[in-house]
Amino acid sequence: MVKYRQISYAIADAIKHSHYKEGERLPSIRELADKHQCSKSTIIQALQELEQRQLIYSVPRSGHYVLKKGFLPTAPPAECYDFATAAPDWNAFPYDEFHQCIRKALDVYQQELFIYGMPNGLPSLIKTMERHLQDHQVFVSPEKIVVTAGVQEALFILMSIPFPNNKQNILVEQPSYHLLIDYLNKYEIPAIGIERTEQGIDLDELERLFREEEIKCFYTMPRFHNPLGTSYSTEEKKAIVKLADQYDVYLVEDDFLVDYDSNSKADPMYSYDMKERVIYLKSFSKILFPGLRVGIAVLPKPLLPAFQQFKLFMNIDSSILSQAALDIYINSGMFNHHRSRIRAPYEERSHALNNGVRLMKAELQGVLLRSPLTSCMHTHVELDQRVNMNTLAQQMKKRKVEIDMLERNYLQGFPRSKIAKLNVSNIPIAHIPEGIQRLIEAIKASLLG
């Protein structure tokens with residue numbers, strides 16, 4: 001990592017832990033240069049970065065001072081209270097850092113940029129992924145790792161290729177990821193749903209489906225389910241893996257929000273798999289940015305040939321430039337720092353969302369049937385049948401509130417509850433309480449009778 005950025009991180013950490021207090025003058029540029037054994041120009045770069053991050057401010061001929069929280073600009077009035085957008089907050093992305101990685105990738109990987117046909121991915125990134133996945137308790141040999149153009153590409157390949165168990169039906173939690181559901185519905189791919197609620201799934205029903213319905217694979221999000229926001233317990237994950245082995249079913253584990261989980265004991269299903277039943281998928285879209293288009297698939301050996309061939313037909317290989325930049329970003333230590341830095345503001349948004357859920361439960365007794373507290377950026381609300389959903393949409397529009405109504409999250413013909421998703425990835429934390437209050441008013445106004 002470049003020297004000035006190391007220094008800016010060190011000063012930011014000192015501010016965070018009150019070694020430099022609000023309004024306090026920082027040491028002079030000369031003093032900081034002596035302390036960090038670097039040039040004054042390096043210190044100036046570090047201080048400029050801290051100013052851009054709104055941690056300090058400068059006073060001509062006086063020095064640099066720690067910004068008081070009262071100096072921070074307040075959030076402007078909301079044009080819309082957006083609880084629907086799930087993309088990460090673009091303001092949190094480290095543009096300068098990643099820009100450096102792209103420039104270095106262009107220099108270091110010049111030859112690789114002109115080579116077709118690396119269907120498994122950039123070899124150096126695969127080696128990096130072998131180490132990186134160990135942080136998530138996914139221990140795997142490099143030959144089982146395939147780099148894809150996001151997790152979505154991996155999902156569509158898996159839905160399309162034959163599996164070694166020679167079965168046809170895909171089992172999907174209901175509700176589930178809307179683009180996968182769209183794909184299954186549009187192309188009439190054999191699919192069966194199993195209800196997932198705040199309490200999880202019915203393991204007896206899961207066993208019956210595994211036993212009777214010729215299930216090729218079960219697509220599941222054990223951690224921070226989309227759209228529900230809930231997670232399986234360790235016991236549930238172990239039970240599902242055991243059933244998959246017993247009934248010759250593959251599990252497609254979509255761990256798309258693993259980087260936001262601060263619970264070090266929440267291991268993926270893959271860590272309990274001893275019989276190569278689990279296909280593990282990891283995304284970088286939520287922790288970095290969707291346009292990166294890099295995902296990771298960890299595949300059982302019997303699935304590799306069909307998966308690699310299908311991927312080769314689709315796009316030859318994933319973007320080498322994106323892979324190379326990500327490889328440099330991870331190996332430089334920037335990724336770990338970014339992940340640590342970005343968790344705190346998202347945890348604050350999660351706490352604000354949970355406070356909103358508590359308020360909704362108090363204000364909407366008998367109307368709000370379910371809305372679990374969450375440790376991620378989204379949860380769901382299940383409403384009583386008395387709520388007219390068309391009227392609710394009109395009332396929310398009137399109050400400038402947007403939520404995801406989940407029309408696209410169910411397989412055709414599967415019974416649907418009145419469920420909506422609340423996501424705080426993109427709404428300023430200062431707007432969350434007012435947005436929740438407006439949503440409460442809209443729900444009250446949409447009650448039948």
Check: Got a sec, which residues hit side chain to side chain contact (heavy atoms under 4.5 Å, CB included) with Pro27, two or more places apart in sequence or on another chain?
Finding: Tyr20, Glu31, Leu32

Next item on the list: In sequence, state the C-alpha distance, the side-chain angles, and the governing distance for Asp259 and Lys286, and then conclude on salt bridge (charged side-chain N to carboxylate O under 4.0 Å, His left out).
Entry: CA-CA 9 Å; Asp259 288 304; Lys286 300 300 185 185; over 6 Å; no

Checklist line | Listed partners of Glu153 passing salt bridge (charged side-chain N to carboxylate O under 4.0 Å, His left out), at least two apart | finding: none

Notebook entry, point to check: Do the ring planes of Tyr410 and Phe414 sit parallel (below 30°), tilted (30 to 60°) or perpendicular (above 60°)?
Noted result: parallel

Notebook entry, point to check: Can Arg196 be said to sit on top of Tyr232's aromatic six-ring, NZ or CZ under 6.0 Å from centre and within 45° of the ring axis?
Noted result: yes

Margin query: Glu347: which residues meet the salt bridge (charged side-chain N to carboxylate O under 4.0 Å, His left out) condition with it, sequence neighbours left out?
Written below: none

Item checked: His132/Phe284 aromatic ring centres below 6.0 Å -> yes

Margin query: Tell me if the centroids of the rings in Tyr346 and Tyr260 come within less than 6.0 Å of each other.
Written below: yes

Check: Only one of Val258, Val151, Leu257, Asp255 clears side-chain contact (heavy atoms from CB on, under 4.5 Å) with Lys282; which?
Finding: Val258

Item checked: By ring pair (Phe, Tyr, Trp, His ring centres under 6.0 Å) - contacts of Phe98 (at least two apart) -> Phe93, Phe289, Tyr329

Check: Do the rings of Phe156 and Tyr183 sit parallel, tilted or perpendicular, given the 30° and 60° boundaries?
Finding: parallel

Next item on the list: Report the residues that fulfil side chain to side chain contact (heavy atoms under 4.5 Å, CB included) with Ala324, sequence neighbours left out, ordered by chain and then residue number.
Entry: Ala105, Tyr109, Leu122

List the atom pairs, with distances to 0.1 Å, where a side-chain N or O of residues 262-271 and a protein N or O form a donor-acceptor pair under 3.5 Å, not counting sequence neighbours.
| residue | atom | partner | partner atom | Å |
| --- | --- | --- | --- | --- |
| Asn263 | OD1 | Lys265 | N | 3.0 |
| Ser271 | OG | Pro268 | O | 2.7 |

Next item on the list: Measure from the side-chain N and O atoms of His64 to the backbone N and O of Ile29, and report whether any donor-acceptor pair falls under 3.5 Å.
Entry: no

